[in-house]
2 protein chains.
Amino acid sequence: MLGDRWSLLIIRDMMLRGFHTYKEFMECYEGIATNILADRLHKLVAYGIIASKPDLSDRRKLIYSLTAKGIDLVPVLTEMVLWAAAHEKTGNQALVRQMKSDKRKFLDGVRQQCALRDRG
Amino acid sequence: MLGDRWSLLIIRDMMLRGFHTYKEFMECYEGIATNILADRLHKLVAYGIIASKPDLSDRRKLIYSLTAKGIDLVPVLTEMVLWAAAHEKTGNQALVRQMKSDKRKFLDGVRQQCALRDRG
DNA sequence: AATATCACTTGCAATTAACAAGTGATATAT
DNA sequence: ATATATCACTTGTTAATTGCAAGTGATATT
């Protein structure tokens, strides 16, 4: 269900980088094909992990957001980022420091930001 | 790197079910092809997540074990199992209860068992 | 009215995975 | 000792998935 190359990346970047449109994913991921991105977004919607709603200020756009089920993946992604940071010298060091210093606080912070974006 | 259908399953079952031979994976996963299993095991060895050594009591066999890097994935897999249990009504309920009641203790227990198997 | 941007679809080639049938090394049964 | 079985794979071949290029229709901007 999340066992492919892109789904977890999409979720990670919605959580940690605030991505919420097709264009942001498309420009960010080198090598992702348009049809695959569309397919993954639709599947994530179908699985109930993300939701989409039209952007009222530009009706061409769709805004994607994490559902409660998606937000519950925050601990999974956090542990993944920590593991990668420990073993693969990659990623945002400031973020990793934040995760390590107070994991509970970090998790709650991300959850709250997701919820805010969803309502705003 | 872990973004495929089988790699995380293999790691999960080495951690939580004590799998350590080719045959165990082959018999357990409905639908995995022999070439794909061999490929994934080799890649996991190449990535330094698992290691293999010959079984001294039957020299046809290879025994796979998690490396330190692999054992560090325990928190990731644990969070995944918890997420799946919360949202997908699947999996070992006893295990999930254990994870929830004292996560720290559970993590240490799994790490210790992996280390024991590796030495034994 | 013309052009640009948005989130996609479609068609096709290339990559990857699944299935079936070996292979060589070792183990077991006769 | 010979025959058969089991082990961890390899080697084809077919089927499915992905990557790439070029659209498409709806909306937005100039």
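Note: hydrogens, waters and symmetry copies are ignored here, and every other heavy atom, side chains too, is used. Here is the naming used below: chain letters follow the sequence lines, and residue numbers restart at 1 for every chain.
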For atom CG of B:D58 and atom C1' of D:dT6, their distance in whole Å: 8 Å
Cationic N near anionic O, under 4.0 Å, B:K69 to B:D72: no
Quick one: do B:D108 and B:K105 satisfy salt bridge (charged side-chain N to carboxylate O under 4.0 Å, His left out)? Show the steps, please. CA-CA 5 Å; B:D108 289 342; B:K105 189 179 164 191; over 6 Å; no
Looking at side-chain heavy atoms only, is the closest gap between A:T21 and A:L62 below 4.5 Å? no
note: A:F25, atom CZ; C:dA7, atom P; distance rounded to Å ~ 10 Å
Nucleotide of D:dC20, C:dC19, D:dA8 approaching B:K61 most closely (side-chain heavy atoms): D:dA8
Whether A:F19 and A:Y29 hold their rings parallel, tilted or perpendicular, with breakpoints at 30° and 60°: tilted
Contact under 4.0 Å: A:H42 side-chain N or O vs C:dA7 OP1/OP2: no
From the set D:dA28, C:dT26, D:dA8, return the single nucleotide nearest to any side-chain atom of A:R60. D:dA28
Nearest to side-chain heavy atoms of A:L62, which nucleotide of C:dA18, C:dC8, C:dC6: C:dC8
Below 4.0 Å: OP1/OP2 of D:dC7 and any side-chain N or O of B:K23: yes
Within less than 4.0 Å of OP1 or OP2 of D:dT17, is there a side-chain N or O belonging to A:W6? no
Considering only heavy atoms from C-beta outward, does the side chain of B:H20 approach that of B:S52 to under 4.5 Å? no
Nearest to side-chain heavy atoms of A:Y64, which nucleotide of C:dA7, C:dA27, D:dC20: C:dA7
Can you tell me if B:R5 touches the phosphate of C:dA18, counting only side-chain N or O atoms and a distance under 4.0 Å to OP1 or OP2? yes
How would you label the contact of B:D39 with the nucleic acid (heavy atoms, under 4.0 Å): base, sugar-phosphate, or nothing? nothing
Taking CZ from A:R40 and C1' from C:dC8, how many angstroms apart are they, rounded to a whole number? 15 Å
Nearest whole angstrom, please: distance from the P of D:dC7 to the CD1 of B:I63. 13 Å
Separation of B:E30 atom CD from C:dC19 atom P, in whole Å? 10 Å
Kindly point out which of D:dA5, D:dG19, C:dA7 is positioned nearest to the side chain of A:I36? D:dG19
B:I32 CD1 to C:dA17 P: how many Å, rounded? 11 Å
Could you give the CE-to-C1' distance, from A:M26 to C:dT9, as a whole number of Å? 13 Å
Can you tell me the distance, in whole Å, between the CD atom of B:E24 and the P atom of D:dC7? 11 Å
Both A:G31 and A:L56 contact DNA chain D. Taking the nearest nucleotide for each, which residue is further toward the 5' end? A:G31
Walk me through it: do A:T78 and A:V74 pass the test side-chain contact (heavy atoms from CB on, under 4.5 Å)? CA-CA 6 Å; A:T78 298; A:V74 170; 3.8 Å; yes
A:A33 side-chain proximity, nearest of C:dA17, C:dA27, D:dG19: D:dG19
Hey, does the side-chain of A:R59 have a donor or acceptor N/O within less than 3.5 Å of a partner on the base of D:dT27? no
Of the listed D:dG12, C:dC6, C:dC8, the closest approach to the A:T34 side chain comes from C:dC8
